[in-house]
Structure formats: structure tokens, C-alpha cells
Amino acid sequence: MAPDLSSHVHAATDVAPKSPSKPKQDEINPATATDAIDDVEAAGGSSPPGDGVNYVARAQWLRAAVLGANDGLVTVASLMIGVGAVNEARSAMLATGLAGLVSGACSMAIGEFVSVYAQYDIEVAQIERAHDDDEDEAKKDNLPSPTMAAGASALAFAAGAALPLLAGGFVRAWAGRVAAVCVATTVGLAGFGVLGAYLGGASVVRSGARVLLGGWLAMATTYGVLRLFGMQSA
């Protein structure tokens, strides 16, 4: 009986189902897990906010457009008011404003071209390290254009600079000319601040107030320094 009982026990042990074994650590592909995490992060980063607008995608062109127009407005207005503090001639203020428009637009275009080209070179070098010809071509097509960035910055600066130049450059009376420049600049600063805040999803009140205070400070400082210089030179 003992031998038979032993044989039955061994047979039952052989046919008993095996419990599923845990996967070995070296059988898990870390690349697969990393790819999954990257997919989740990419999906989360590319999803727009709750209102369906991707404000991050707007950041680059919005910054260039708003800053360019704001720089042109403040620069030319400050130049015209500053020169008007020491020279009340209309031709002097008009020539100063026009010179500020042309030189500022050229400066903005060159600066933006150099900056974007440096970014372009860095991104191209990074793409070429990936050694994937199919993806390389697609990524290179999405790179920023230095020429377009330079042209956009120059146009934005010129558009902002034209506002005070046209508002006060052709007014005969000195007081009326300065007042026209100040009023046009204030309206333009408020408009640019509100527009930038609206497109960027920021606070309209804070953005508009910040732009207004900055522009007023620049104009007041320029007028004060040139006025003091004119008094010392007299």
C-alpha cells in the first residue's frame, strides 16, 4: 500500500497547476516604459487650456509683435518730447521722430535676425544629432525663419513709431504738438497693453497699467533730462 500511495502523491504533484510567475526584472524593457511616459508628457504639454486656446504657442510671435510696437511707440514719442524740450521748432521734432523710426526699425530687424538665427543654428544642430532623416526634414520645416522674424519686428516697430510721429509731427503750436504726442502715446500704450493681455490670456488691467506706467516714465525721464541739459547749455 505504501508504494501505491507514494506514486499517487507524486502524480498529483506533477499535474498540479503552476502559479503564474512574476516577470523577471531583466525582461522588462525600460525603453518601452520611457516611451510611454514621454507620450503621456507630450500629450499633457500639448493640450490646450480649458478654453481651448494654446497660449504657449502664441508666446513667441506675440512677444515679438507687442514688444516691437511698444518699443517703437515709446522710443519715438520720447525722442520727440525730449527734443521738444530744448528745441520748439516743428521741423526738429519731425526729423527726430522720423530718424528714430528708421533707425529703430533697422535695429530691431538686425537684432531679431541675429537672435533667431542663433536659435535656428542650435535647433538644427540638435536635430542632426538624432540621425533620423525622415523626422529631420519634418522638424526643419517647423523651425523659425530669421528673415520673417526680422521683417515682423521691423514692421511692428515702424507701426508703433508712426503713431506719435503722425499725431504730433504736423501740429504747428509747440504746446499742442507735445500734447498730441502724449495723448496719442497714452492711447497707443493702453491699446497695446490690453491687446497683449487679451491674446496672451493675462490680466487686462495689470498689463495695461504696467505698459502705461513704463511708457510715461520713459517720456518723463527723457523730457526731464533734455530740459535740464537745455537749461545748463543756455
Side-chain angles (χ1 to χ4, degrees), residues 61-115 149-200 202-234:
W61 67 264
L62 179 62
R63 180 191 65 84
V66 173
L67 287 182
N70 188 73
D71 286 348
L73 179 61
V74 174
T75 299
V76 172
S78 298
L79 284 173
M80 294 180 68
I81 291 177
V83 170
V86 296
N87 190 339
E88 297 183 2
R90 184 183 62 176
S91 59
M93 291 184 66
L94 181 61
T96 301
L98 184 60
L101 187 154
V102 176
S103 61
C106 293
S107 176
M108 288 289 293
I110 294 172
E112 194 71 15
F113 182 84
V114 172
S115 176
S153 296
L155 289 176
F157 186 95
L163 188 59
L165 183 62
L166 295 176
F170 301 98
V171 178
R172 291 186 177 275
W174 175 84
R177 195 182 315 129
V178 173
V181 171
C182 292
V183 171
T185 303
T186 299
V187 173
L189 288 172
F192 290 144
V194 171
L195 179 62
Y198 175 76
L199 294 177
S203 171
V204 173
V205 176
R206 285 198 302 267
S207 178
R210 184 167 55 244
V211 174
L212 274 175
L213 291 176
W216 287 343
L217 180 61
M219 290 189 294
T221 302
T222 306
Y223 180 87
V225 171
L226 269 294
R227 188 69 176 178
L228 181 62
F229 176 79
M231 293 174 61
Q232 295 295 331
S233 300

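Sequential numbering from 1 along the given sequence is applied to the chain's residues.
Heavy-atom minimum distance, Met93 versus Met80: CE-O, 3.2 Å. Contact record, Glu112 with Ser153: CG-OG, 3.2 Å, taken as the closest heavy-atom pair. Closest of all the heavy-atom pairs between Met219 and Ala77 is SD-CB, 3.9 Å. Of all heavy-atom pairs spanning Phe192 and Ala69, the tightest one is CZ-CB, 3.6 Å. The minimum heavy-atom distance between Val171 and Ala180, with the atom names listed, is CG2-CB, 4.4 Å. Smallest separation of non-hydrogen atoms from Val76 and Pro164: CG1-CG, 4.0 Å.
In this structure a side-chain-to-backbone donor-acceptor pair under 3.5 Å is present from Arg177 to Arg172. Panel note: side chain Thr185, backbone Val181; a donor-acceptor pair is recorded below 3.5 Å.
Using a 4.5 Å cut-off on side-chain heavy atoms (C-beta onward), Val74 and Leu189 make contact. For the pair Ile81/Thr222, no side-chain contact is recorded, criterion being any heavy-atom separation below 4.5 Å from C-beta on.
Listed by chain and number, the residues in a side chain to side chain contact (heavy atoms under 4.5 Å, CB included) with Thr75 are Leu79, Phe157 (sequence neighbours excluded). Take Ala158 and apply the side chain to side chain contact (heavy atoms under 4.5 Å, CB included) test, not counting sequence neighbours, and it matches Leu101. Applying the side chain to side chain contact (heavy atoms under 4.5 Å, CB included) criterion to Ser103, with sequence neighbours excluded, gives no partner residue. Taking the side chain to side chain contact (heavy atoms under 4.5 Å, CB included) definition, one finds that Ala154 meets it with Ala105, Ala109, sequence neighbours left out.
Screening residues 85-96 for side chain to side chain donor-acceptor pair (under 3.5 Å), with sequence neighbours left out, gives no hits. Contacts classified as side chain to side chain donor-acceptor pair (under 3.5 Å) and involving residues 209-219 (residues at least two apart or in different chains) are given here: Thr186-Trp216.
Annotation: the span from Leu212 atom CG to Leu217 atom CG amounts to 12.5 Å, rounded to 0.5 Å. Taking OG of Ser78 as the start and CG of Leu73 as the end, the distance is 8.5 Å to the nearest 0.5 Å.
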